[in-house]
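Comments concern the structure below.
Basis for what follows: all heavy atoms, side chains included, without hydrogens, waters or symmetry-related copies.
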Amino acid sequence: MKTSFKLFLFSAFTFLVTSCGGKKEDQDFGTKPTTNEEKSTTDDAFPLAEKGKEIFEGKGTCFTCHKKDVKIVGPSIQDIVKIYKEKNGSIVTFLKGEAEPLVDPSQYEVMKANFAITKTMTDEELQSLEQYMQSEGK
């Protein structure tokens, strides 16, 4: 029984890693170009956001399950930021695996598999991810 459970967990983790990894295609159809004034305001409010974007779209593989304004596998960035703000929660603490899920507890098991990635990140990288999400979640 224990072997079957371990095999199931390994298979689920393997599926999650392979299904959430992929290439991001740049498609800016219908998006409004950012002006320098808007960019500088965002840069001032979230100085680590650009680094966070690189992590979100790169080694964090967050983009495969989270989009700005639509639920894919996980909740949208806007929903995450809104709920964490309302509940005065810390995205960084959650990504460290040190806090309960606030947004969609039913998806927690799926997200928990990604803690293998986020737990290897530095505090600055996690803060960068949080700032990027906050900059996108307005």
Side-chain angles (χ1 to χ4, degrees):
M1 177 86 170
K2 288 182 181 181
T3 305
S4 297
F5 183 69
K6 287 180 184 179
L7 181 60
F8 170 76
L9 284 178
F10 177 76
S11 298
F13 178 74
T14 303
F15 171 77
L16 183 69
V17 170
T18 57
S19 68
C20 287
K23 289 212 170 216
K24 176 185 176 288
E25 295 181 21
D26 290 331
Q27 294 183 354
D28 294 332
F29 306 159
T31 59
K32 181 177 119 184
T34 305
T35 65
N36 285 340
E37 186 175 309
E38 289 173 335
K39 187 168 173 30
S40 69
T41 303
T42 301
D43 290 347
D44 293 344
F46 305 104
L48 299 174
E50 190 59 38
K51 181 177 181 180
K53 180 179 181 179
E54 291 174 15
I55 295 168
F56 190 92
E57 295 175 350
K59 79 177 191 176
T61 67
C62 312
F63 72 92
T64 57
C65 297
H66 300 282
K67 303 300 178 199
K68 181 175 181 171
D69 58 359
V70 65
K71 177 179 170 64
I72 302 291
V73 174
S76 71
I77 295 172
Q78 289 176 345
D79 287 345
I80 294 168
V81 171
K82 178 181 176 231
I83 292 170
Y84 270 85
K85 186 175 182 178
E86 287 173 355
K87 296 185 177 185
N88 201 25
S90 169
I91 295 170
V92 170
T93 304
F94 175 71
L95 292 176
K96 287 180 175 183
E98 299 171 357
E100 294 298 314
L102 298 179
V103 180
D104 187 357
S106 69
Q107 291 291 329
Y108 182 62
E109 291 302 315
V110 175
M111 179 61 196
K112 203 160 74 170
N114 291 301
F115 288 158
I117 298 169
T118 59
K119 285 183 176 182
T120 65
M121 294 181 187
T122 66
D123 285 344
E124 183 179 331
E125 288 174 320
L126 292 171
Q127 290 167 355
S128 298
L129 267 176
E130 182 176 56
Q131 283 192 17
Y132 168 67
M133 292 176 71
Q134 290 169 338
S135 73
E136 290 293 302
K138 314 182 246 173

What residues form a side-chain hydrogen bond (donor to acceptor under 3.5 Å, both in side chains) with [X], not counting sequence neighbours?
{"X": "K68", "result": "none"}
{"X": "E124", "result": "K51"}
{"X": "D123", "result": "K96"}
{"X": "T120", "result": "none"}

Open item on the list: Restricting to ring-ring contact (aromatic ring centres under 6.0 Å, His included), what partner residues turn up for Y84, sequence neighbours left out?
Closed with: none
Task: Pairing residues for F115 by the ring-ring contact (aromatic ring centres under 6.0 Å, His included) criterion, not counting sequence neighbours - done: F94
In Å and rounded to the nearest 0.5 Å, what is the [atom1] to [atom2] distance from [X] to [Y]?
{"X": "C62", "Y": "I77", "atom1": "SG", "atom2": "CD1", "answer": "8.5 Å"}
{"X": "K112", "Y": "N114", "atom1": "NZ", "atom2": "CG", "answer": "12.5 Å"}
{"X": "E136", "Y": "Q134", "atom1": "CD", "atom2": "CD", "answer": "11.5 Å"}

TODO: Check salt bridge (charged side-chain N to carboxylate O under 4.0 Å, His left out) between K119 and all other residues, then give those that pass, not counting sequence neighbours.
DONE: none
Open item on the list: According to salt bridge (charged side-chain N to carboxylate O under 4.0 Å, His left out), who are the partners of K82, at least two apart in sequence or on a separate chain?
Closed with: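 Result, salt bridge (charged side-chain N to carboxylate O under 4.0 Å, His left out) vs K82: E86.
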TODO: Report the residue from I55, L95, T118 that forms a side-chain contact (heavy atoms from CB on, under 4.5 Å) with E125.
DONE: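 Answer to the side-chain contact (heavy atoms from CB on, under 4.5 Å) test with E125 among I55, L95, T118: I55.
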